[in-house]
Amino acid sequence: MLFKRLYYRGKRQHSPILVMHSMPNRLSCNRLGITVSKKLGKAVKRNKVRRRIYEAFRLYEPVLKVGHDIVIVAKQKALLSEFGQYYNEIGGVLKRANLFK
RNA sequence: UGAGUAAGCCGGAUGGCCGCGGCGGGUGUUUUGCCCGACGAGGAAAGUCCGGGCUGCAUAGGGCAAGGGUGCCGGGUAACUCCCGGUAGAGGCGACUCUAAGGACAGUGCAACAGAAAUAGACUACUGCAUAUAUGUGCAGUACAGGUGGAAAGGUGAGGUAAAAGCUCACCGGCGGUAAGGCGACUUAUCGGCCAUGCAAACCCCACUCGCAGCAACACCGACAGGGGCGCCUGCCCGGCAUAUGCCCCGAAGGGUGGCUUGAGCAAUGCAGAAAUGCAUUGCCUAGAUAGAUGGUCAUCUGAUACAGAACCCGGCUUACAGGCUUGCUCAUACC
């Protein structure tokens with residue numbers, strides 16, 4: 001399973017509401033996976049968290065290096081956060097992983 | 001106006017910018033793309049508790065047994081444990097609500113504690129007789145009163161008696177017969193005798209009913225490896241025909257396609273019916289993803305913040321839910 005390989009071998013960056021795993025692939029595009037466990041709530045709440053992560057990542061995508069696999073895991077604090085916090089923290093972990101062009 | 005009761009409905013709206021999903025059209029060199037357009041989660045999509053469709057397996061005709069389910073009556077439905085209407089019982093002043101509501105003369109079993117006694121009886125008590133006599137003791141009769149309990153064996157009143165008792169009578173309740181009404185559950189009337197509890201959400205009996213598994217079902221196509229086999233006359237030999245960079249099978253990806261949405265469909269009108277519902281006509285096409293599409297942000301309105309996300313599809317049930325709306329009915333108060 002691709003997600004497990006990323007958990008063991010990828011680089012890891014933490015922030016208060018999420019964890020990002022990343023490693024290079026040999027493709028000419030970036031691939032994003034999002035993990036939201038059942039601990040965070042029922043389907044509606046999990047969908048909301050996933051959609052906000054997806055949206056924030058989409059806004060950053062034009063300025064990222066290509067050819068990486070990225071998995072973002074949401075923590076429980078993500079339920080209480082506004083979109084602005086998602087945007088700032090995802091920007092932070094992407095910068096620390098040195099994925100900006 | 002307040003309190004309540006029953007049925008039903010809504011469950012954020014509008015606009016700008018940036019995005020997502022399949023579909024249709026256009027464009028482009030095949031693909032990847034680009035542009036335009038309309039459409040794109042719920043009343044419960046949930047729990048996965050019932051009933052079906054659909055698919056595979058089994059049986060391929062019928063019966064029996066085991067096991068499961070259901071259980072007043074009639075109707076509705078594709079079907080149901082669902083829905084509608086009724087009967088009986090219980091609750092409420094009432095509108096109305098609730099009920100696993102067959103059978104305890106087929107059999108087995110249970111009824112703790114308390115209480116004298118729980119399917120059988122006499123502790124306190126009442127009455128008579130005998131005896132001694134403040135009053136007790138013994139024998140006999142009774143089951144009215146007391147207390148216990150969920151339940152004490154018909155209830156209330158009168159007669160009756162030494163005191164009593166369905167012992168007798170009237171009314172009520174229960175049981176059985178007959179008659180009338182009703183498709184039926186049952187109701188009403190009348191007659192009879194005077195009557196042995198509750199539990200079958202204990203085993204059980206009776207009646208009706210039921211194959212098993214599920215879309216990760218199932219069908220098809222299959223890359224890179226890898227493995228196996230060789231047609232027909234013919235079971236064998238001979239012989240003949242056909243034939244090989246071929247054909248078939250197994251296996252199988254970070255696979256692909258179908259199943260996948262036109263259906264017991266929705267809306268309006270009319271007819272039948274007390275209702276559930278059925279029939280007819282006209283119109284409409286209204287999500288189909290496959291890591292899983294509805295989001296982000298700004299503005300305005302507002303009291304607006306609930307429960308909650310389709311995953312093969314329908315019919316129900318159950319559970320969760322901020323706030324709001326409509327209609328019928330009941331009770332109380334005030335006014336006319």
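Residue numbers begin at 1 in each chain, while the letters A, B, ... track the order of the sequences.
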Determine the Euclidean distance between corresponding [atom1] atoms of [M] and [N]; express it in Å to zero decimal places.
N: B:A216; M: B:G256; atom1: P; value: 14 Å
N: B:G296; M: B:U30; atom1: C1'; value: 37 Å
N: B:C82; M: B:C49; atom1: C1'; value: 13 Å
N: B:A272; M: B:G323; atom1: C1'; value: 42 Å
N: B:G103; M: B:U108; atom1: C1'; value: 16 Å
N: B:A6; M: B:C98; atom1: C1'; value: 15 Å
N: B:U326; M: B:G181; atom1: C1'; value: 44 Å
N: B:A287; M: B:A41; atom1: C1'; value: 8 Å

Just the rounded figure in Å: distance from [atom2] of [N] to [atom1] of [X].
X: A:Ile90; N: B:G295; atom1: CD1; atom2: P; value: 18 Å
X: A:Ile53; N: B:G292; atom1: CD1; atom2: P; value: 12 Å
X: A:Arg52; N: B:G296; atom1: CZ; atom2: C1'; value: 9 Å

What is the base-pairing partner of [N], counting Watson-Crick and G-U wobble geometry with both distances under 3.5 Å?
N: B:A299; value: B:U14
N: B:U245; value: none
N: B:C206; value: B:G71
N: B:G176; value: B:C191
N: B:A100; value: none
N: B:U333; value: none
N: B:G94; value: none
N: B:C123; value: B:G146

Syn/anti state of [N] by chi, 90° boundary around 0:
N: B:U14; value: anti
N: B:G166; value: syn
N: B:G86; value: anti
N: B:A41; value: syn
N: B:U261; value: syn

- Note on the structure: Note: A:His14 and A:Val93 closest approach over all heavy atoms is O-CG1, 3.9 Å

